[in-house]
Amino acid sequence: MTAANVDELLKNPVSFLDDSGPDDDIAISSRIRLARNLQKFPFPEAASAEVMQEVCEIVSAAACNSSSLGGENMLVFYPDQMNALDREILLERRLASRDFIRKPETRRLFVCPDESCSLMVNEEDQLRLQTIRPGSQLREVWKSIDAIDNDIGRHLQYAFDEQLGFLTSCPTNVGTGMRASVMLHLPGLVLTGQIAPTIQGINKLRLAVRGIFGEGSDNWGNLFQISNQNTLGESETKIIDELDSVIHQLIMQEKNARRTLLENNRYAILDHVGRSYGLLRHSYKLGFEEAMQSLSGLRIGVDMGLFSSIDIHKVNELFIKIGPAHLRKSHEGEYPDDALDIFRAALCRDTLRQLA
């Protein structure tokens, strides 16, 4: 299998940031991951390098013999043959986890051409399947990843127990092995001071709230990832139905919060949006966190109809393109952080100038 280059990814826009999904003014993307392991092989944490390499070849053969990951057009990445910068690109595009890129040996990544589905080999589990789509589409994402799982599973023997379900490295994933999540943009709840009690309520429903890059990451740009925690004792469809119900309640709460801001504090929200646009349009140095917060302010302005000429998809793409790895890659060199701040500001200025 010929190794792909991250340049092939950078040629195309990120498909899950498209503005074609349901409720895409608030729901950025829907993602489902499935954890799977093979029978008769120790899990990655307990496996030798030789065993992990054997698993890698077995799973790779199954991926290549299935058509669900893009067939002949499937992109195959060998992390141990990539430099650290290119591996960071995979993280920023949400194709690989932090743990996956930190230990690149005996690992492999398969990505379909539009990046909507992927497969990590030998992360925490031997297989980590992922499907991601724009907007609030959990049920559609489940249909897609279930088909991929069945297709690849025809060539493999998964570690499965009749009582427990799919066996995984972490006990919290045993059962369905599924993590379903929706990325929501919730500036209205943040600005009205409702986000803290909202998160407390979500946690009581046995759901997790994380940042843009998952567990341990911050909620930069007012982006919140809501996901299931229970995987044992419930079916995949029940988990998705319960999560989907909460997501739609959150979307309604966010819409109500935005409506409240416009009705009761109009100049405050206009000032917030205007300042955000001003920073992005006229700054010459922008830190990552400041840029994320400003993009959040611009995005809520576009969603609320305060701008007529700005393409929301271009705004969405900036959430990815302003990442440190993407900036370093586009400028082909090692730069200190303050140089990245200059590049980031220039990218935002140029993008908004083109959209004006």
Side-chain angles (χ1 to χ4, degrees), residues 8-35 63 66-71 73-75 90-97 109-120 127-152 176-186 207-214 221 223-228 236-251 254 299 303 311-321:
E8 297 177 57
L9 297 177
L10 298 175
K11 292 177 184 176
N12 302 314
V14 180
S15 63
F16 71 80
L17 293 177
D18 192 358
D19 56 343
S20 62
D23 297 310
D24 59 12
D25 55 334
I26 295 170
I28 304 294
S29 60
S30 300
R31 179 176 70 175
I32 293 180
R33 280 183 175 175
L34 297 179
S66 67
S67 59
S68 54
L69 288 173
N73 296 318
M74 176 177 62
L75 303 175
L90 300 177
L91 173 66
E92 289 185 356
R93 296 177 85 86
R94 299 177 70 192
L95 294 170
S97 66
L109 174 68
F110 298 86
V111 181
C112 68
D114 67 354
E115 302 179 49
S116 63
C117 51
S118 58
L119 167 62
M120 286 187 287
L127 293 89
R128 279 288 177 95
L129 280 167
Q130 171 180 287
T131 296
I132 184 168
R133 289 188 180 182
S136 178
Q137 301 192 68
L138 280 176
R139 291 182 178 87
E140 291 77 5
V141 172
W142 165 243
K143 291 177 183 177
S144 175
I145 200 168
D146 187 39
I148 296 171
D149 185 34
N150 290 334
D151 188 24
I152 293 177
T176 62
M178 182 181 76
R179 292 290 178 183
S181 65
V182 177
M183 186 74 70
L184 298 175
H185 183 223
L186 303 175
L207 300 175
V209 182
R210 298 187 173 97
I212 185 173
F213 294 116
L223 295 171
F224 297 83
Q225 189 177 167
I226 317 298
S227 63
N228 68 296
E236 292 90 346
T237 53
K238 183 180 180 182
I239 292 171
I240 289 171
D241 286 345
E242 291 177 349
L243 177 58
D244 197 48
S245 176
V246 173
I247 293 300
H248 283 288
Q249 291 179 44
L250 285 170
I251 289 172
E254 173 65 18
R299 195 181 195 281
D303 291 339
D311 180 358
I312 192 63
H313 185 52
K314 295 295 184 182
V315 177
N316 288 345
E317 283 191 325
L318 282 175
F319 279 104
I320 298 292
K321 290 183 176 180

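Here R210 contributes atom CZ and F224 contributes atom CZ; the two are 14.0 Å apart, rounded to the nearest 0.5 Å. Atom NE2 of residue H185 and atom CZ of residue F319 lie 5.0 Å apart, to the nearest 0.5 angstrom. The structure places CD1 of I226 at 8.5 Å from CG of L243, a figure rounded to the nearest 0.5 Å.
Not counting sequence neighbours, the partners of A96 by the side chain to side chain contact (heavy atoms under 4.5 Å, CB included) test are L90, F100, I101, M120. In this structure, the side-chain hydrogen bond (donor to acceptor under 3.5 Å, both in side chains) partners of E115, at least two apart in sequence or on a different chain, are R93. Looking at residues two or more places apart in sequence or on another chain, you find no salt bridge (charged side-chain N to carboxylate O under 4.0 Å, His left out) involving R133. With sequence neighbours excluded, no residue forms a side-chain hydrogen bond (donor to acceptor under 3.5 Å, both in side chains) with T176. The side-chain hydrogen bond (donor to acceptor under 3.5 Å, both in side chains) search around D149 returns R36, Y158, not counting sequence neighbours. The side chain to side chain contact (heavy atoms under 4.5 Å, CB included) check on S68 picks up S66, I148, D151, I152, with sequence neighbours excluded. Applying the salt bridge (charged side-chain N to carboxylate O under 4.0 Å, His left out) criterion to E242, with sequence neighbours excluded, gives no partner residue. For S118, the side chain to side chain contact (heavy atoms under 4.5 Å, CB included) test picks out L95, L109, V111, Q130, with sequence neighbours left out. Legend: residues meeting side-chain hydrogen bond (donor to acceptor under 3.5 Å, both in side chains) with T237, ordered by chain and number and at least two apart, are S235. Annotation: salt bridge (charged side-chain N to carboxylate O under 4.0 Å, His left out) contacts of E8 (sequence neighbours excluded): none. Not counting sequence neighbours, the partners of P13 by the side chain to side chain contact (heavy atoms under 4.5 Å, CB included) test are H313, E317. With sequence neighbours excluded, no residue forms a salt bridge (charged side-chain N to carboxylate O under 4.0 Å, His left out) with D114.
Using a 4.5 Å heavy-atom cutoff, the side chains of I132 and V141 are not in contact. Counting heavy atoms from C-beta outward, L34 and W142 have side chains that approach closer than 4.5 Å.
A side-chain donor-acceptor contact under 3.5 Å links R94 and S29.
With hydrogens and angles disregarded, no donor-acceptor distance shorter than 3.5 Å links the side chain of T131 to the backbone of C117. In this structure, the side chain of N228 engages the main chain of M178 through a donor-acceptor pair within 3.5 Å.
In this structure, R299 does not pair ionically with D25, as no charged nitrogen and carboxylate oxygen lie closer than 4.0 Å.
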